[in-house]
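Keep in mind it's a predicted model, so treat the numbers as computed, not measured. For reference, positions follow the sequence shown, starting with 1.
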Amino acid sequence: MQFFGGSEISPSPPVPTGSIGNNAHMMYVFNRNGICLLYREWNRPLKTLNAQQDYKLMFGLLFSLKSLTAKMDPTSVEKGNLGVPQLPGQGCSFHSFRTNTYKLSFMETPSGIKIILVTNPRIGDLRESLKHIYNLYVEYVVKNPLYSPGTPIKYDLFNTMLDQYIKGLG
């Protein structure tokens, strides 16, 4: 089956440069309205915020980075206003950034679903892994007749497949 960018769900999903294994710290899935549909934690060394503050901070960071990259785009004559939301795929975009303690990898789908994976900074490019995670989301959440779009994701099968994929990359 093909869902996003020609990727297929298969028994042997794409392996990124580097490995995640125990190096994946956390993952967020937001809808286009900034509602956190899923938050998973595997190896987060320090917990400093309550969940709602954490979600708002992460979504605000993404909103700001998307606005900044659109404003700084050297190929576009129309810069738009800083802070004005961009449509998915519109303008310049970013895929990841790295600090000395973590790497944040990001993917936004045409429907506005945002997937964020925070890992060890030594991990390589995770774009194919994020596409595979999105395909898992489509297969086990979106296609589930009991799922209502915009509600938190609480499906054991999806969580199991996601955990296997994340742990299997190590």
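A donor-acceptor pair under 3.5 Å is formed between the side chain of K103 and the backbone N or O of G124. Side-chain atoms of K114 come within 3.5 Å of backbone N or O of G112 as a donor-acceptor pair. A distance-only check finds no donor-acceptor pair linking the side chain of R127 to the backbone of S96 [under 3.5 Å]. One N or O on the side chain of N31 and one on the backbone of N33 form a donor-acceptor pair closer than 3.5 Å.
In this structure, T151 OG1 and I35 CD1 are separated by 10.0 Å, a value rounded to the nearest 0.5 Å. Separation of atoms CD1 (I116) and CZ (F59) is listed at 8.5 Å; rounding is to 0.5 Å. In this structure, the separation between CD on Q164 and CG on L136 is 9.5 Å, given to the nearest 0.5 Å. In this structure, CG on D163 lies 8.0 Å from CD1 on I166, to the nearest 0.5 angstrom. Between N50 atom CG and K56 atom NZ the span is 8.5 Å, to the nearest 0.5 Å. Taken to the nearest 0.5 Å, the CZ atom of R122 stands 10.0 Å off from the OG1 atom of T119.
By the 4.5 Å heavy-atom criterion applied to side chains, L37 and V141 are not counted as neighbours. Taking 4.5 Å as the limit, some side-chain heavy atom of I115 sits within range of a side-chain heavy atom of Y134. Using a 4.5 Å cut-off on side-chain heavy atoms (C-beta onward), T101 and N120 make no contact. Inter-residue side-chain proximity for M27 and Y39 is flagged as unmet; no heavy-atom pair is nearer than 4.5 Å. Residues I113 and R32 are not in side-chain contact: their nearest non-hydrogen atoms beyond the backbone lie 4.5 Å or more apart. Annotation: side chain of F97 is not in contact with side chain of S105 (no heavy-atom distance under 4.5 Å). Within the 4.5 Å cutoff, side-chain heavy atoms of M161 are placed close to those of Y140. Looking only at side-chain heavy atoms (C-beta outward), L38 and L162 come within less than 4.5 Å of each other.
Aromatic ring pairs are classed by plane angle as parallel below 30°, tilted from 30° to 60° and perpendicular above 60°; the pair Y147 and Y155 is perpendicular.
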Assess the residue pair Y102 and H25 against the criterion (ring pair (Phe, Tyr, Trp, His ring centres under 6.0 Å)); give the C-alpha distance rounded to whole Å, side-chain angles, the decisive distance to 0.1 Å, and a yes or no. CA-CA 9 Å; Y102 69 91; H25 300 306; 8.1 Å; no
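With salt bridges taken as basic N to acidic carboxylate O contacts below 4.0 Å, one links K66 and E108.
Here Y165 and H132 bring their ring centres to under 6.0 angstrom of each other.
Side-chain atoms of T109 and Y137 form no donor-acceptor pair, as typed in the model, at a separation below 3.5 Å. Side-chain contact check for Y28 and D54: at least one donor-acceptor pair (N or O, by modelled atom type) lies under 3.5 Å.
The minimum heavy-atom distance between M58 and F30, with the atom names listed, is CG-CE1, 3.9 Å.
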